[in-house]
Structure formats: structure tokens, C-alpha cells
Amino acid sequence: MSETPKIKHFLRQIIEEDLAAGKFSEVVTRFPPEPNGYLHIGHAKSICLNFGLSQEYGGRTHLRFDDTNPTTEDMEFVQSIQNDVRWLGFDWQDHLYFASDYFEDLYQFAVKLIRDGKAYVDSCNLEEIRAMRGTVTEPGQPSPYRNRSVEENLDLFARMRAGEFADGAHVLRAKIDMASANMKMRDPLLYRIRHAHHYRSGDAWCIYPMYDFAHCLSDALESITHSICTLEFENNRDLYDWVIEHCDPPAKPKQFEFARLNINYTVMSKRKLMTLVKEKHVSGWDDPRMPTIAGMRRRGYPALAIRNFCEQIGVAKANSMVDFSQLEYCIRDVLNYEAPRAMAITRPLKLILETYREGQSESLEAALFPDEIGKPGTRKMSFSKTLYIEADDFMENPTKNFHRLVPGGEVRLKNAYTIKCERVEKDANGQITALICSHDPNTLGKAPEGRKVKGIIHWVDAQTAVPAEFRVYDRLFLDERPDTVGEFKDSLNPDSLVVLNGFVEASLAKVDAGSHFQFERQGYYFADPKDHSAKKLVFNRTVSLKDGFNKAASEEINTPAKVEEVQSVVKARTYEEVLATKAENQVPFFQTFHNDYGLSVDDADTLSATPELAQFYQTMLTSGAGRDAAAKWVVNELMRILKDIALAALPFDASKASALVQLLEKGTISSKIAKEILSEMVETGQDPNAILETKGLKQINDPQAIRALIEPLLQQNAEKVQAYRDGKDKLYGFFVGQAMKASGGKANPEILNQVLTAMLSAS
RNA sequence: UGGGGAGUCGCCAAGCGGUAAGGCAGCAGGUUUUGGUCCUGCCAUUCGAGGGUUCGAAUCCUUCCUCCCCAACCA
């Protein structure tokens, strides 16, 4: 089985940096489901991530039920969730928590906020609050209750808790900023009144905390170090930090977001899955077609395969949709190694051996695993005159590349003899009822003499075969993205479940429910954990075998045609266009820079972005830097620095910047060294000439010195030199890079290139 | 039209100024008593587009384009 290499995705990087910086001694993550539905493959990614991270770096992961909404949550779900997490292979030990256990702590934090004037009771109703929130482009309006006194707020909040008010009469809100560009910060709700029975806290409370208040504080209460959630919570991070800052719990967890998992040909939202269950499009949450963990388990997906899959798809921040075939690959990869082989006939076709004596029978031995798996074990298979083969393995009028059974053709019965089809028997309607064949008794365990038999098919002995039901599952939806084609239910695949009745070999008569098999040449099957018994054999098709023959025919009928993207050619902006966008105090600078200094429209635009920047640039000029060089430097180098530090907060002034640019202009330093000096200036505010001296960063211009640098390098990389000379000229960059590194970045690049080129071409 | 994210092969995804990793899918061969597995080879002169900086740009600057998220008393 293939090993999935572990990529250092951004969360692992963050954790390693935090660990290296000594921010904490162990990683504490949490998986925080709301108990209002079953877990699905998307949750599996989160579970693997959270538990995986704490395992890798040393630490622990908590299982915490985020049960702050009494109207949707249920004990059934807390059971199923625990079951699913455990089945996936993870252990939270004694770290099982419930947000509902924190209700009292949370209440006290809210009281603190009120006391500090950071929260207030709002008595507006739902519609009023919504109306006053504003829109994404317009600021919200403060509630008329926003300035209630601390005493009044305290009193009201206590009475809310005491049950004096009806649902919706009041809410507790954070007092942040109704004009914030981040809608989540416009005085978000912290508590609402709900006279509802909670599945755990019962009737102890009639006010319940909102997610944004409860979640971050629950994290803090548990000393979570890395609170990992999905992308849609990015906007909530400001609020997460705000609540932590103002409630000031001892621990200060941080939130990080990653892209949730999407897989094509399925749906992942709880609402849609719930609909499928409620409207009986599937048999339940654990229907093998469901992307739920319970469904996948019942389908026969190994937990290891799911874990491998989650590792394989990676963790990043780009919305993406993973191909179903990637999951299937992981399942086959595990099952190929785990599932013993057996033979099953799903659409039986009777086959009579006219050369085999009536009443005779023999016992043949068949390996449980093919040689390359390296696992021992055999089973017995009875063989007699009448057999069943798969109807698909015979074609009366074969297509071109069909190399299974055909009239007059010979084929190998796997683990038995080769046979030849002599005649086809049909009923009155012309339907094939049986195949009359002959067998070559001299082909057991060896190749027939004088001829090659290419086809191999599977079979069962009609005398001993056991009837079995096969549930052949396929993708639940016809469209890659069922949720984007109007009503998602319209995309339901009518053939997602096909029930077939056939036979399995006798050795499977007493297998336990929940065992895996590979039915040779067909697929991996799983004895259904609920419906399978010795009385009635029921096998779920977990996944088909990869099919190198039929695939061309069955290729994705529903794959939408790629829409050609129209590339509009972007024209450079004209002086007039940019001028029209400039503010009044920018215009004079913009005009001077472009018209008088001869700078490009873009550079003039950038330099005149603020009067302060424009003045900074002009001061550089009066300190001696050239117009062009200074402009390039400010636009390309300083602008980068200014993303992190405001101009006014820069530890050096325009004259020092000017000095740096002049060094560059004189050729004393290369642009690479200029960058190095700049970052030093940002750190220390020192004069560039001083940095140059103390660090010895003067450019190396002597060709001999550079040659001496390159020589050993070429010797050490003789094969690469050869490859380069043989035409792999991309390697040039490698040599430049190495040589530059060897010089500590000080080699004059122009001279270095000359010397290098000469040395590489001299053979 | 505000704010927050994201764009690297058909699908995921590394890459953090110096030779465009890897996996899935696909294609072509080899091994094979599974049209499976396994093995070998092929599969991005180019990183959403344009412009710029640099000896050198997927990586830095700049303009633009596209997609996702935010206006539940859900989480």
C-alpha cells in the first residue's frame, strides 16, 4: 500500500513556528461539532486535521459539543458523533466537553463585559436589529438602547436569565462598532432568550449564548492553542479576538481557517443530507450512498482509507472540489491489501460442461490473496459439471477487443480449467439459457499445450454456490455539483442502487457481517453490517475494481463542457484616465512626477498615492538620489515595506533612503545587497553606509575572485555541468544561484554571468 | 459599489528571488491464472491577465480580471 508523504501545509508550518518560538509547550486542538446531524466526509477532514496535528506535534485534541442552540440539538447525534470519531481511529481520552457545561462561566464573562461597558441589552426586535445593521456598503445605525447604563444592563440581563421576559424581548449585544466594514463587528448578538428545553442542561437556562461568544471562550476555557475552522469563519476572526481580548480569559487561543472539503457528485450540507433522509431518497443517515461517516462505514470504506484520503488531498485555503476518483483510489489501495479474494456471480449464466462426468465433483484450491500481496491462506472451491458464470463474460457476437467467452472460443476459468464454448442453448424467445462447453482436463494449474488462452473469467459451482443479494452502489448524483443545477434532488441518480441476486462460492456461506472481500474481477464488497446473516447473504459493493476495459464507454456523460474563458486584453491606463482618479492633494504631485520628471504613469500614480509618500520621494531627490533610481526604489522596494509599517513609523528618514539609492546608483552594491541593507535599516534604522561597512557587503567586481568561487562549484556538480552542456540549459539558473550563494550575494551579477558563461562553454 | 479570502496541469497540491515537487485522472509499454495489483515511460518552456523591478520572477511592485465568504436572535 502506498504511503502518503506528509506535506508541510500552512497549519503545520504555523505550529512549527509557534513551537520554535516557545509560544506553548504542547499543541491543543479541538473538534467542535454541533450535535444536530451526522458527521460526513468533510468533518472527517477536520477530525483528521485536528487529531493528526496534536499527534504529530505532541499534545491532545478535545472533543467538544458546541451545543448552544437548544432547539436543534439531540442526544442521538452526540452518540453517533462519538461513534464516528472513534471509528475513524481517534481518541479524545478524557477530554470530552460540552459548551453547555460552560453556561455559568459564559454568563459571568458576559457580566464582565457589561460591567466594562462592552455589552448592552438591546430591546429591539429581530426586524429592527436587522434593519439597523446596515448593508455591506452602508454603515449600521446604533440601537436606541445602546447607551443604557451599566446598572440597567446588569439588571436586565439578570432578569433575562431569571426568565422574566418572553423569547425575543431582549438580547445581549457586544458594543463594538455599528459602522465597521466587517459586518460581524456591528454590535453582534451575544445572548438570546429561548424558553426551550436543552437536551443536556434541561430547563436550567432560558438564555443561550451565541456561537461567536461561546466558541472562543470555550476554546479559552480548555486552553486550546490552535482553533481550526473552515474558511467561512474568516470574518468571525476579528470578533473571536475581540471577545478574547475583552473577556480576558487566562488562555488566548488563536483561530485559523482552512478550506472545507468538497467532493464532486455528492452534497455535503447538513440541510441537504437531512432532506435526503427525511424524504427517504436514501434509507437513512447510514445509507451506503451517503457521504456520512456512518454511510461510508456501512458501505465498507475502511477508516484507514479515509484517513489516507484526508492526508492526500492536503490542507490549503483555496476553495476546491476533489475528484471522487481520488477517494476511490484510497479505498482500493487499502482493500487490495486487506480484502481476501472470493468469487461471486451477480448476474448468473448457466454453463454446462459436456465433457465433465455427471455427478462428479472435485475440490480445487484457491489462494486468498494473489502472490504479490504476500499473504498466505487458501480456500477450497468445489467444481462440477454445472457452473454459473457472469452473464457479462459471454458475448454471442463479440466486439473487437472482447477476450472473454465467445462461441467456439476458449477461456480460462480462474483457479480451474480452460473451457471452450461449443454451443449456445436458447429458449423459445431466443434468450440464452445455458452455454454448453467442453473443458481441457490437462489445464489445471498449467497452461494448455500449443495455444494461448488470454481470457480469464470467474465462476461458481452451481451445486454448492450460495444465493446472495448484491447491492451495487453508484454515485448518488448525476451532476458534478448537484447544488448548482437548480433543485439538487433533480440530480439524483436513479441507478445509484441496483439490487442483484446471484451466488457466491460456498466458502462464503458463513461469513460474518462486516467482512470485506474482493469478488474477483468485479470489485470490493462488504457483508452488510445490518442486513447480512447466514440465512440471507447481503453484500454491498464498496467500490468497483478499476476497469481498464469498459472505461471508455462509461466515461462521464455529465461532465459539463468547459466554458472557454474570454480573455479581454487589458490596455495600459492613460495619463488622463489616472489623472481623473486622483484626489485633489495628489494631482500636483502626479503631474510633476509624470510631466516634469518623466516618470511612467504607473510610477507617478504610486508615488503620489499620498502627499506624505510624494514628499518622502522628493526629499530623497534633494538629498542626492536620481529621479529614476529613487522612483524605482520607492515603487518596488519601499512599497513592500510599507505594507507592514506606516511611512511615519519608519525608523529611517528620506535622506538615509536616498543614501541607499545612491550606493545602488554608483554600483557599490547590487540590488540584492540593497534589499539586504534595507531590511536591516527597517530593523535598526541605521545608516546604509554603516551597515555596508559593518557587514562587509561591498560588491565583488573582480572576475578572478568570482572565477575562484565558481571553480569548485563546477567540480562538485560535474554531472550537472555535463547535462547543461548536453543541452539542459535550464540548469543555468541553478549555477547562478549556487555561485551567488557562495559569494554571500556579493558577486557582481553581471560579471558573474560573464564568467560563468565562459566557464560553462569551455569544455 | 464596503470588508475579508483565494487563483500553479482535467482534479487536488508543493513552491516563500536561483533546475515548475508529488498524488489522482489520462495515455503508452512490461509482468500477471483478476482487462485488478505492481513496474517503466509520457503528461505545465509556464504559474488568472497586462505592465514594471531584477543578471534572474510562480515568488517582489503595480493595474486589472475571475471565484468564494459576510447584512440568522444558526454554527
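Every chain is numbered from 1, with letters handed out A, B, ... down the list of sequences. Because the structure is a prediction, the values reported are computed rather than measured.
- You'll find a donor-acceptor pair under 3.5 Å spanning the side chain of Asn753(A) and the base of C55(B), going by distance alone.
- With a 6.0 Å cutoff to the six-membered ring centre and a 45° limit on the axis angle, Lys720(A) does not count as a cation-pi contact of Phe735(A).
- Taking every side-chain heavy atom of His9(A) into account, A14(B) is the closest of A14(B), C61(B), U19(B).
- The base of U19(B) sits with one of its N or O atoms less than 3.5 Å from a complementary donor or acceptor on the side chain of Lys728(A).
- Scanning for ring pair (Phe, Tyr, Trp, His ring centres under 6.0 Å) contacts around Tyr575(A) gives Phe590(A), His594(A), with sequence neighbours left out.
- Using a 4.0 Å cut-off between charged side-chain N and carboxylate O, Asp602(A) and Arg573(A) make a salt bridge.
- Remark: Lys8(A) is not in phosphate contact with A21(B), judged by side-chain N or O atoms under 4.0 Å from OP1 or OP2.
- For A28(B), the base adopts the anti conformation, since its glycosidic angle falls more than 90 degrees from zero.
- Ion pairing between Glu390(A) and Arg404(A) fails under the 4.0 Å rule for side-chain N and carboxylate O.
- Counting distance only, with no hydrogens placed and no angle test, the side-chain atoms of Gln522(A) and the base atoms of U34(B) include no donor-acceptor pair under 3.5 Å.
- For the pair Asn415(A) and Arg237(A), nearest-nucleotide mapping onto RNA chain B gives the more 5' position to Arg237(A).
- Using cut-offs of 30° and 60° on the angle between ring planes, the pair His403(A) and Phe549(A) is tilted.
- Phe256(A) does not carry Lys317(A) over the face of its six-membered ring by the limits of under 6.0 Å from the centre and within 45° of the normal.
- The base-pairing partner of A58(B), taking Watson-Crick or G-U wobble contacts with both distances under 3.5 Å, does not exist among the strands shown.
- Rounding to whole angstrom units, CD of residue Glu138(A) and C1' of G3(B) are separated by 14 Å.
- In the interface, the side chain of Gln326(A) is paired with the base of G23(B) through a donor and an acceptor atom under 3.5 Å apart.
- Among the nucleotides U19(B), G2(B), G35(B), the one closest to any side-chain atom of Thr137(A) is G2(B).
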- Evaluate the side chain to side chain contact (heavy atoms under 4.5 Å, CB included) criterion for residues Arg173(A) and Tyr145(A): first the C-alpha distance (whole Å), next the side-chain angles of each, then the deciding distance (0.1 Å), finally the verdict. CA-CA 10 Å; Arg173(A) 289 234 247 173; Tyr145(A) 304 99; over 6 Å; no

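- For Lys741(A) against G17(B), a side-chain-to-base donor-acceptor contact under 3.5 Å is absent.
- Taking only side-chain nitrogens and oxygens, Lys546(A) comes nearer than 4.0 Å to OP1 or OP2 of G26(B).
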Look for any protein N or O under 3.5 Å of an N or O in nucleotides 38-46 of chain B and output each such pair with its distance, or none.
{"from": "U46(B)", "atom 1": "O4", "to": "Lys730(A)", "atom 2": "NZ", "distance (Å)": "2.9"}

- Per-nucleotide protein contact string for nucleotides 70-75 of chain B, where B marks a base within reach and S marks sugar-phosphate only (heavy atoms under 4.0 Å, - for neither): BBSBSB

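- Base pairing of A6(B): its partner is U66(B), meeting the Watson-Crick or G-U wobble criterion (both donor-acceptor distances under 3.5 Å).
- OP1 or OP2 of U53(B) sits under 4.0 Å from a side-chain N or O of Lys632(A).
- When rounded to the nearest whole Å, the span between CZ of Phe258(A) and P of C12(B) equals 16 Å.
- Under 3.5 Å, the side chain of Lys454(A) and the base of G35(B) form no donor-acceptor pair of N or O atoms.
- With hydrogens and angles ignored, no donor-acceptor pair under 3.5 angstrom links the side chain of Arg521(A) to the base of U34(B).
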